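Just so you know, these numbers come straight off a predicted model, no measurement behind them. Residue indices begin at 1 and follow the sequence shown.
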Amino acid sequence: MSGTEQGTEPSRVEELKSEGNTNLQNGNYSGAVMKYSEALDILSGVAPDALSLVPVLYANRAMAHIKNEAYGLAIADAEAAIRADASYVKAYYRRGSANLAIGKYKLALKDFRAVCKMRPNDRDARQKLKECDKAAKQLAFSSAIESADSAGLSIDTTIATIETMVVDEKYDGPRLNDDNIINEDFVLATMERFRLQKLIHRKYVLLTLLRVRDILKSEASLVDLRLPSSNENNDKQNNTQPKFTICGDVHGQYYDLLKIFALNGPPSKINPYCFNGDFVDRGSFSFEVVFTLFAWKALCPHAVHLNRGNHETKNMTKIYGFEGEIKHKFDNTVLTLFHECFCALPLAACLESKIFIVHGGLSSDDDVRLDDVRKINRAMEPPDSGLMCDLLWSDPQAMPGRSPSKRGVGLSFGPDVTQRFLQLNDLSLVVRSHEVRDNGYEIEHDGNLITVFSAPNYCTFFLFIFFFFINIFTFTGDAMGNKGAFITFGPDLKPKFTTYDAAPHPPIRPMAYASPTFAL
């Protein structure tokens, strides 16, 4: 390299860094990643004395990945920054933040301790260290209790007490009859009460959760689904074909759930649904969403099918708002019972033995058969690796083969992996959710895989954090601008897509019940 070339390289790197920083500040996170990457490519051919920007660029790119919720890539970049300069404090902060976002509290603790040691006056780092330590201890205690007592809640012994709870006469909401059997009038009245931002009595919450928990426990880890038969529709004047509807992530956006039912009809024997995980978190009406789905499940178990998502877990709900929401609206007993229900949720479903429905994606193993999914012991918090983890966390990628997950959990799998899985199991299609799509859905992997996402104008964690501090009183979460979608399948098993914009909703910011400490 000539002296002139060497002189221009640092200048170009500074320009790219500045452009990357501008993109980061303006919310163009992918653009920021591109600029930082270009700068790092230039520095790879520069003499060592010109490399002081390397840890800065890696740490900045890590921040862009964090804002894109690509936590695995963020961790990798933070570690590259640490290798370049072990004293660069922002790198430890970035790695700790990424591990915190995916619930790896012990790893996050290690990095925030390092930050506090290097910067003893950093109040934000000290607060994060305190919260991580608290969360790690809570999870350890919870795990110890579960190991010591596999029976779970002692609430099992108090069902009779719940049934005899006296509901105050001043309560003006829906009530169950004396037999405490959930009926359609109760479910519809509950939905309307939720629409008006009112809660129902705790007694009915507990009774419904107990009923749903028992129903979910009776189901397999992989549920076999069928289209309703033509003769089940007794309305001779309504010459509609049988259909089955699959919805993706709803994420606590209750008014958008109401819109789905308005567009497609409520669940029934002739109008069954599968909701494909991530009912809760982020949106601040997560209780209303998941309770509505559970109430329909209790009313007509064969018309509502619920797969577990990666957010129906203790780690995620602690960070992304559901835990705080339930504690605010009810109490720890209700929260614990919700988590028991989450651990009973099936992991996948298969429609007409041809369409595999799963929240995240496929496995790191080429030889996984449907029976392997059926045999999973799912009554637990998901492990950090293995088939159960992959089903909840994995994502498709355009390139063949498999790659480490950009999220830091699960993996990314290519079109060849999807094709082999379909052939091995005599399937025709994979339907999954787990990722926002601009139009609410995307057909991928040569038509062998569809991603469906049902939360329009979705708010990511970091959009929330930005607007929380900039404009706390007016931000309502309408930030991404994406549409929502659901898929219906008829007798030919060809997908039909319905897309929709966000429904009007109360001006309550997303993650209103999340701890501000988890702002990364």
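Taking 4.0 Å as the cut-off between side-chain N and carboxylate O, Glu38 and Arg61 do not count as a salt-bridged pair. Residues Glu79 and Arg95 are paired through a salt bridge, judged by an N-O separation under 4.0 Å between the basic side chain and the carboxylate. Electrostatic pairing of Arg437 and Asp249 does not count as a salt bridge here, judged by no charged N lying under 4.0 Å from a carboxylate O. Between Asp395 and Arg407, at least one side-chain N (NZ, or NE/NH1/NH2) sits under 4.0 Å from a carboxylate O, which counts as a salt bridge.
Looking at Arg123 and Gln127, their side chains never come closer than 4.5 Å, going by heavy atoms from C-beta outward. When side chains are defined from C-beta on, Glu15 does not count as touching Lys35, because their heavy atoms never get closer than 4.5 Å. Within the 4.5 Å cutoff, no side-chain heavy atoms of Pro456 are placed close to those of Asp501. The shortest distance between side-chain heavy atoms of Cys247 and Ile260 falls below 4.5 Å. Taking 4.5 Å as the limit, every side-chain heavy atom of Val289 sits out of range of all side-chain heavy atoms of His251. Contact of the Asp390 side chain with the Asp365 side chain is not registered, since no non-hydrogen atoms from C-beta on lie closer than 4.5 Å. Side-chain atoms of Leu53 and Lys17, non-hydrogen and from C-beta on, do get closer than 4.5 Å to each other. With a 4.5 Å cut-off on side-chain heavy atoms, Phe497 and Thr488 do not count as touching.
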How far apart are the C-alpha atoms of Phe285 and Phe194, what are their side-chain angles, what is the distance that settles it, and do they pass the ring-ring contact (aromatic ring centres under 6.0 Å, His included) test? CA-CA 9 Å; Phe285 298 94; Phe194 288 168; 9.7 Å; no
Can Tyr320 and His311 be said to form a ring-ring contact (aromatic ring centres under 6.0 Å, His included), step by step? CA-CA 8 Å; Tyr320 294 97; His311 275 266; 5.2 Å; yes
Please step through salt bridge (charged side-chain N to carboxylate O under 4.0 Å, His left out) for the pair Asp366 and Arg402, ending with a clear verdict. CA-CA 11 Å; Asp366 273 338; Arg402 295 180 175 88; 2.8 Å; yes
Checking salt bridge (charged side-chain N to carboxylate O under 4.0 Å, His left out) for the pair Arg420/Asp416: CA distance, chi angles, key distance, verdict? CA-CA 6 Å; Arg420 280 196 299 270; Asp416 54 326; 3.7 Å; yes
What do the steps show when you test His339 against Lys314 for side chain to side chain contact (heavy atoms under 4.5 Å, CB included), and what is the final call? CA-CA 7 Å; His339 280 302; Lys314 290 180 179 178; 3.6 Å; yes
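Under the 30°/60° scheme for interplanar angles, the aromatic rings of His328 and Tyr513 are found to be tilted. Between Phe330 and Phe287, the ring planes are tilted. Angles from 30° to 60° get that label. The aromatic rings of Phe338 and Phe322 sit perpendicular to each other, their planes meeting at more than 60°, with 30° as the lower class boundary. Ring geometry, Phe486 versus Tyr500: the interplanar angle falls from 30° to 60°, so the pair is classed tilted.
Atom CG of residue Asp278 and atom OG of residue Ser454 lie 11.0 Å apart, to the nearest 0.5 angstrom.
Side-chain N/O atoms of Asn457 and Asn482 include no donor and acceptor closer than 3.5 Å. Looking only at atom types and distance, the side chain of Asn264 has a donor-acceptor partner in the side chain of Thr245 under 3.5 Å away. Side-chain contact check for Tyr36 and Asn21: at least one donor-acceptor pair (N or O, by modelled atom type) lies under 3.5 Å. Counting only N and O atoms by type, the side chains of Ser284 and Arg509 include no donor and acceptor under 3.5 Å apart. Donor-acceptor pairing under 3.5 Å is recorded for the side chains of Arg282 and Tyr458. Using a 3.5 Å distance cut-off with no hydrogens or angles, the side chains of Thr313 and Asn315 do not pair a donor with an acceptor. Between His434 and Asn310, the side chains place a donor N or O and an acceptor N or O closer than 3.5 Å (distance only, hydrogens not considered).
The backbone N or O of Phe421 lies less than 3.5 Å from a partner atom in the side chain of Asn425, making a donor-acceptor pair.
Test Lys106, Lys104, Arg94 against Asn99 for side chain to side chain contact (heavy atoms under 4.5 Å, CB included) and you get one pass: Lys104.
Residues His445 and Phe413 place their aromatic rings such that the two centres sit under 6.0 Å apart.
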